[in-house]
Amino acid sequence: MSRPQRVLAIDQGTTSTRAIVFDATARAVASARRELEQHYPASGWVEHDAEDIWRDTLATVREVMERVSGGVAASWRSASPISARRR
């Protein structure tokens with residue numbers, strides 16, 4: 001299996017969704033970011049709408065893929081899921 005020429009990273013933070021594409025030398029070659037709306041149902045609580053997260057993730061991924069390859073290219077064929085949960 002050949003080494004990937006690009007890696008797509010998705011950062012889902014508390015305040016925004018970001019997608020970043022790195023090249024084989026770990027240099028960021030494209031990025032996109034969307035602000036995430038905060039909902040405060042009670043004092044000390046913060047919530048996010050799952051549909052907003054999904055929509056913003058799709059939008060940022062599409063944006064960076066378009067920038068680096070004109071859309072979905074044959075070189076995009078691997079994925080590495082990573083999950084982190086905060087308390």
Side-chain angles (χ1 to χ4, degrees):
M1 186 162 146
S2 65
R3 185 175 183 202
Q5 294 183 2
R6 295 182 213 118
V7 173
L8 169 66
I10 300 168
D11 174 23
Q12 181 54 62
T14 302
T15 61
S16 69
T17 301
R18 293 187 305 159
I20 308 165
V21 174
F22 296 92
D23 67 12
T25 65
R27 182 177 64 93
V29 295
S31 66
R33 181 178 183 271
R34 296 275 195 287
E35 290 287 329
L36 183 59
E37 185 177 351
Q38 310 289 308
H39 303 278
Y40 301 96
S43 179
W45 292 17
V46 63
E47 293 182 350
H48 301 102
D49 185 318
E51 288 294 326
D52 289 344
I53 293 171
W54 178 242
R55 182 193 63 242
D56 291 348
T57 300
L58 287 176
T60 56
V61 168
R62 286 177 176 148
E63 188 174 332
V64 295
M65 289 180 75
E66 184 65 34
R67 286 184 191 168
V68 298
S69 66
V72 178
S75 62
W76 295 93
R77 57 185 151 200
S78 65
S80 298
I82 299 173
S83 177
R85 187 165 47 168
R86 292 169 278 210
R87 297 176 203 202

From the options Asp56, Thr17, Thr60, select the one residue that forms a side-chain hydrogen bond (donor to acceptor under 3.5 Å, both in side chains) with Gln12.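 Filter result, single survivor: Thr17.
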Decide, yes or no, whether a salt bridge links Glu63 with Arg34 under the criterion of side-chain N to carboxylate O below 4.0 Å.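 Counted as a salt bridge, because a side-chain N and a carboxylate O are separated by less than 4.0 Å.
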Atom [atom1] of [X] and atom [atom2] of [Y]: how far apart are they, to the nearest 0.5 Å?
| X | Y | atom1 | atom2 | answer |
| --- | --- | --- | --- | --- |
| Arg33 | Ser16 | CZ | OG | 4.0 Å |
| Asp49 | Glu37 | CG | CD | 8.0 Å |
| Thr14 | Leu36 | OG1 | CG | 8.5 Å |

Under a 3.5 Å distance rule, please check whether Arg67 uses its side chain to pair with a backbone N or O of Ser31 as donor and acceptor.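 Yes, because the side chain of Arg67 sits within donor-acceptor range (under 3.5 Å) of the backbone of Ser31.
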If you look at every heavy atom in Tyr40 and Trp45, which pair is closest and at what distance?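 Answer, listing the atom of Tyr40 first, then Trp45: CD2-O, 3.2 Å.
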Any idea which heavy atoms bring Phe22 and Ala9 closest together, and the distance?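 Here Phe22 and Ala9 meet closest at CE1-CB, 3.9 Å.
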For a 4.5 angstrom cut-off between non-hydrogen side-chain atoms, does Val68 reach Val29?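 When only atoms from C-beta onward are counted, Val29 and Val68 do touch, with a gap below 4.5 Å.
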When you compare the side chain of Val61 with that of Leu8, does any pair of heavy atoms fall below 4.5 Å?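 The answer is yes, as the side chains (C-beta and beyond) meet within the 4.5 Å cut-off.
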Just checking, any donor-acceptor pair under 3.5 angstrom between side chains of Gln38 and His48?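 Yes.
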Got more than 12 heavy atoms from elsewhere within 6.0 Å of CZ, Arg55?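 Check passes, neighbour count above 12.
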Please test Val7 against Val21 for side-chain contact (heavy atoms from CB on, under 4.5 Å), starting from the C-alpha separation and ending with a verdict. CA-CA 6 Å; Val7 173; Val21 174; over 6 Å; no
Is there a path of hydrophobic side-chain contacts, each under 4.5 Å between heavy atoms of I, L, V, M, F, W or Y residues, that connects Leu58 with Ile10?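 No; tracing contacts between hydrophobic side chains, which count when under 4.5 Å, never links both residues.
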Show your reasoning for whether side-chain contact (heavy atoms from CB on, under 4.5 Å) applies to Ile20 and Val64. CA-CA 7 Å; Ile20 308 165; Val64 295; over 6 Å; no
